[in-house]
Amino acid sequence: MEKTLNISMWQKCLEDFAKERDWDQFHNPKNLAMALSVESSELVEIFQWLSSEQSENLDEKSLENATHEMADILLYLIRLSSKLNIDLEDALEKKFEINKNKYPVELARGTAKKYSELKSE
């Protein structure tokens with residue numbers, strides 16, 4: 001059975017979690033954005049100094065650590081979206097459309113160039 005991410009459910013879980021611990025006082029957008037950055041850096045640290053091949057074949061412990069860091073990142077992102085009243089599903093849909101327009105297949109296929117560097121020939 002395919003799992004789907006229920007962002008609204010997680011927003012409520014995180015809100016309840018913070019309220020039970022009296023952490024809402026700390027959960028302003030600035031602090032949440034900073035915490036998100038820290039968690040992202042912790043994920044980056046797992047891959048630091050690995051070759052491309054090593055990064056694609058993490059050992060069990062590193063994979064577990066990466067899993068936990070990605071979950072932390074997602075939790076902070078969901079909490080931040082709640083604090084800013086941002087509908088993440090709507091934001092994803094809109095940003096995906098923007099990216100499709102910025103990176104048309106005929107120009108972007110097989111290249112890592114930024115959209116501003118893509119030229120039609």
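Bear in mind the structure is a predicted one, so any value in this text is a computation, not a measurement.
- Atom CD1 in Ile46 sits 12.0 Å away from atom OG in Ser55 (nearest 0.5 Å).
- Between atom CD of residue Glu117 and atom CG of residue Leu107 there is a gap of 13.0 Å, rounded to the nearest 0.5 Å.
- The CG atom of Leu77 lies 13.0 Å from the CZ atom of Arg79; values are rounded to the nearest 0.5 Å.
- Under a hydrophobic-cluster definition in which Ile, Leu, Val, Met, Phe, Trp and Tyr are linked whenever side-chain heavy atoms come within less than 4.5 Å, directly or via other members, Tyr76 and Met70 are assigned to the same cluster.
- Although no hydrogens or angles enter the test, the distance criterion places no donor-acceptor pair under 3.5 Å between the side chain of Glu39 and the main chain of Leu36.
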Could you walk me through whether Asn99 and Tyr115 pass the side chain to side chain contact (heavy atoms under 4.5 Å, CB included) test, one step at a time?
CA-CA 9 Å; Asn99 286 346; Tyr115 67 89; over 6 Å; no
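- Within 6.0 Å of the CD atom in Glu53, the count of heavy atoms belonging to other residues, nucleotides or ligands does not exceed 12.
- Grouping Ile, Leu, Val, Met, Phe, Trp and Tyr by side-chain contacts under 4.5 Å, direct or through others, leaves Phe96 on its own.
- Within 6.0 Å of the NZ atom in Lys94, the count of heavy atoms belonging to other residues, nucleotides or ligands does not exceed 12.
- Both Leu43 and Leu50 are members of a single hydrophobic cluster when ILVMFWY side chains are connected at heavy-atom separations under 4.5 Å.
- In this structure, the side chain of Ser41 engages the main chain of Ser37 through a donor-acceptor pair within 3.5 Å.
- There is no side-chain donor-acceptor pair under 3.5 Å between Asn65 and Ser62.
- Put simply, the side chain of Tyr103 does not reach to within 4.5 Å of the side chain of Arg109, judged on heavy atoms.
- Judged purely by atom type and a 3.5 angstrom limit, Asp22 has no side-chain atom pairing as donor or acceptor with the backbone of Ala18.
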Could you give the side-chain donor-acceptor pairs of residues 82-89 under 3.5 Å, partners two or more places apart or in another chain?
{"from": "Lys83", "atom 1": "NZ", "to": "Asp24", "atom 2": "OD1", "distance (Å)": "2.8"}
{"from": "Lys83", "atom 1": "NZ", "to": "Asp24", "atom 2": "OD2", "distance (Å)": "3.4"}
{"from": "Asp87", "atom 1": "OD1", "to": "Glu89", "atom 2": "N", "distance (Å)": "3.1"}
{"from": "Asp87", "atom 1": "OD1", "to": "Asp90", "atom 2": "N", "distance (Å)": "3.0"}

Candidate pair Glu45 and Glu69, rule side chain to side chain contact (heavy atoms under 4.5 Å, CB included), full reasoning:
CA-CA 10 Å; Glu45 186 177 28; Glu69 297 306 337; over 6 Å; no
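- A distance of 14.5 Å separates CH2 of Trp10 from CD of Glu15, quoted to the nearest 0.5 Å.
- Between the side chain of Asn31 and the main chain of His27, no donor-acceptor pair closer than 3.5 Å is present.
- Here Phe26 pairs with nothing under the ring-ring contact (aromatic ring centres under 6.0 Å, His included) rule; sequence neighbours left out.
- Contact detail for Ser40 and Ile73: the closest heavy-atom pair is CA-CD1, 3.7 Å.
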Applying side chain to side chain contact (heavy atoms under 4.5 Å, CB included) to Leu63 and Glu60, what does each step give before you reach the verdict?
CA-CA 5 Å; Leu63 185 58; Glu60 190 175 320; 5.9 Å; no
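- One N or O on the side chain of Gln54 and one on the backbone of Ser51 form a donor-acceptor pair closer than 3.5 Å.
- Here the CE atom belonging to Met9 is positioned 9.0 Å from the CG atom belonging to Leu14, to the nearest 0.5 angstrom.
- For the atom pair CG (Leu75) and NE2 (His68), the distance works out to 12.0 Å, reported to the nearest 0.5 Å.
- Val105 and Leu118 fall into different hydrophobic clusters, where Ile, Leu, Val, Met, Phe, Trp and Tyr are joined by side-chain heavy atoms under 4.5 Å apart, directly or via other members.
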